[in-house]
Structure formats: structure tokens, C-alpha cells
Amino acid sequence: KHSNLGIKILIGDRLRYENVIRNYCAIKILEKKVKVNPIILSQTNIKNNINYFYKKLGFKKIIKTSIDLNVFIFLKFFTMSLYYIKKFLKFAMSNNFDGFINNFQVEGIKIGDIIYDRYIRDGHKYLKPNFFDYSFIKYLLITTYKTIFLKNYIVKEKIKLIIINSHSY
């Protein structure tokens with residue numbers, strides 16, 4: 001019943017079955033009012049069990065944000081992210097985590113808190129945070145890449161609505 005001609009809706013998946021059910025219900029409610037063209041945004045391999053479940057429910061389009069998406073796309077976005085790495089270095093050189101958390105932006109979107117939150121979950125790193133820790137750099141690059149990728153995808157595909165069934169994505 002989904003239509004390629006309907007309004008494009010991006011659904012952020014968090015790899016939880018209960019969210020798949022909520023997303024399915026939300027789309028069913030929307031389908032009563034308008035034609036919809038839902039797109040599942042997945043963090044994992046397209047052949048994952050959650051994505052298989054989405055397919056069984058009738059969702060046709062699933063895109064993934066993992067960096068192995070495509071080497072050429074990754075290189076394009078990595079090159080774009082170099083500008084933001086320069087901005088990051090300002091915070092790192094002054095060891096200003098508060099400033100980074102509250103002010104670091106990519107494409108006009110504040111993501112410093114997301115990077116920091118993900119980083120401190122590993123091994124009590126909140127006790128002695130380090131901008132140059134391997135994990136911090138990894139989360140910085142991945143989050144920067146995903147932010148650039150998503151913003152470009154939303155604009156290019158003319159997404160009209162985003163559904164996310166968690167407190168943050």
C-alpha cells in the first residue's frame with residue numbers, strides 16, 4: 001500500500017522490535033490520511049533480522065548509514081568532514097569539553113553532546129576524558145559523517161517527515 005508517489009517519510013530505526021511495531025502503526029495511521037513513501041534509516045546491514053522484519057511488514061526502501069555504504073560516498077563525505085575536524089581542533093587544543101559539548105556543530109546541527117555521550121559510555125571515560133583518545137576520534141568521525149550524510153539525504157530526497165521512536169537518534 002506504500003506508494004513511491006506519496007510523501008517521503010524517513011523512519012529512524014534503533015534496532016528494537018518494539019520500535020518496528022510503533023513505526024508500522026504510525027505509518028498505518030498516516031496512510032489513512034495521505035499516500036506515504038516510507039524509508040527506513042538503518043544502522044546495520046540490510047540483511048539484518050530487524051530489516052527483514054520491516055520487509056515482511058511491507059516496507060520496501062531501507063537505507064543504511066554505516067560507513068561501508070559505498071567507498072566513493074564515504075570519501076566524498078570524509079573530505080567534507082575535514083572542515084569540521086579543523087573546528088574540532090580548536091576545542092581540543094584548549095581542552096574545552098564543556099565548549100565542545102555545547103557548541104560543536106556540523107552543518108548547523110549541534111552534535112557535540114552526542115559525540116561526548118557516546119564516548120563516555122565506554123570504560124568509564126568520563127573520569128578522565130581525552131579529545132585525542134582513539135574512541136573519541138572514532139565517534140567524532142562517525143557522527144560527523146552520519147550528520148553530513150543525513151542532512152544531504154534529507155535535502156536531496158525531499159523528506160517531508162521524520163519519525164523516531166526514541167528519546168534521541
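Computed from a prediction, not measured in an experiment: that's the story for all the values here. We number each residue from 1, following the sequence as shown.
Between P38 and K61, every side-chain heavy-atom pair lies at or beyond the 4.5 Å cut-off. For the pair I11 and F59, the minimum side-chain heavy-atom distance is below 4.5 Å. Residues I63 and I39 form a side-chain contact, since some pair of their non-hydrogen atoms from C-beta on lies under 4.5 Å apart. Contact check for F136 versus I115: side-chain heavy atoms found under the 4.5 Å cut-off. The closest side-chain heavy-atom distance from L41 to L150 is below 4.5 Å.
The distance from atom CG of N96 to atom NZ of K90, rounded to the nearest 0.5 Å, is 12.0 Å. Put simply, OH on Y116 and CZ on F100 are 10.5 Å apart, with the number rounded to the nearest 0.5 Å. Residue K146 holds its NZ atom at 11.5 Å from CD1 of I111, rounded to the nearest 0.5 Å. Distance CZ/F149 to NZ/K156: 8.5 Å, rounded to 0.5 Å. Atom CD1 of I159 sits about 5.0 Å away from atom CG of L10, to the nearest 0.5 Å. Distance check, rounded to the nearest 0.5 Å: OH of Y83 to OG1 of T144 gives 12.5 Å.
Judged by distance alone, the side chain of D117 and the main-chain N or O of D113 form no donor-acceptor pair under 3.5 Å. A donor-acceptor pair under 3.5 Å is formed between the side chain of K151 and the backbone N or O of E107. The closest donor-acceptor contact from the side chain of T143 to the backbone of L140 lies at 3.5 Å or more, if one exists at all. Formation of a donor-acceptor pair under 3.5 Å by the K8 side chain with backbone atoms of L161 is not found in this model.
Hydrophobic clustering of Ile, Leu, Val, Met, Phe, Trp and Tyr side chains at less than 4.5 Å, counting indirect connections, unites Y17 with I163. Grouping the Ile, Leu, Val, Met, Phe, Trp and Tyr side chains by contacts below 4.5 angstrom, directly or via other members, places L82 with Y145. Follow the hydrophobic side-chain contacts under 4.5 Å out from I29 and you never reach L57; the two are in separate clusters. Hydrophobic clustering (ILVMFWY, side-chain heavy atoms < 4.5 Å, transitive): I101 and L127 are in one cluster. Residues I9 and V155 are members of separate hydrophobic clusters, defined by side-chain heavy-atom contacts under 4.5 angstrom among Ile, Leu, Val, Met, Phe, Trp and Tyr.
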Please report the C-alpha distance between F104 and K110 in whole Å, then the side-chain angles of each, then the deciding distance to 0.1 Å, and finally whether the side-chain contact (heavy atoms from CB on, under 4.5 Å) criterion is met.
-> CA-CA 6 Å; F104 185 71; K110 288 186 177 184; over 6 Å; no

Would F53 and Y24 count as a ring pair (Phe, Tyr, Trp, His ring centres under 6.0 Å) if you check the C-alpha gap in whole Å, the side-chain angles of each, and the deciding distance to 0.1 Å?
-> CA-CA 11 Å; F53 193 40; Y24 178 76; 8.7 Å; no

For Y139 and Y119, run ring pair (Phe, Tyr, Trp, His ring centres under 6.0 Å): C-alpha distance rounded to whole Å, both residues' side-chain angles, the deciding distance at 0.1 Å, then the answer.
-> CA-CA 7 Å; Y139 296 129; Y119 166 68; 7.1 Å; no

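Taking a 6.0 Å sphere around NZ of K138, one finds it holds more than 12 heavy atoms contributed by other residues, nucleotides or ligands.
In summary, of the residues considered (L30, N37, V34), a side chain to side chain contact (heavy atoms under 4.5 Å, CB included) with I7 occurs for V34 alone.
Closest of all the heavy-atom pairs between V106 and T147 is O-CG2, 3.7 Å. D122 and S135 get closest at one heavy-atom pair: OD2-OG, 4.3 Å. When every heavy atom of A92 is checked against every heavy atom of F132, the shortest pair comes out as CB-CZ, 3.6 Å.
Aromatic rings from F131 and F97 are positioned such that their centres are separated by under 6.0 Å.
For the residue pair Q105 and Y84, no side-chain donor N or O sits within less than 3.5 Å of a side-chain acceptor on the partner. A donor and an acceptor atom, one from each side chain of D13 and S42, are nowhere located under 3.5 Å apart.
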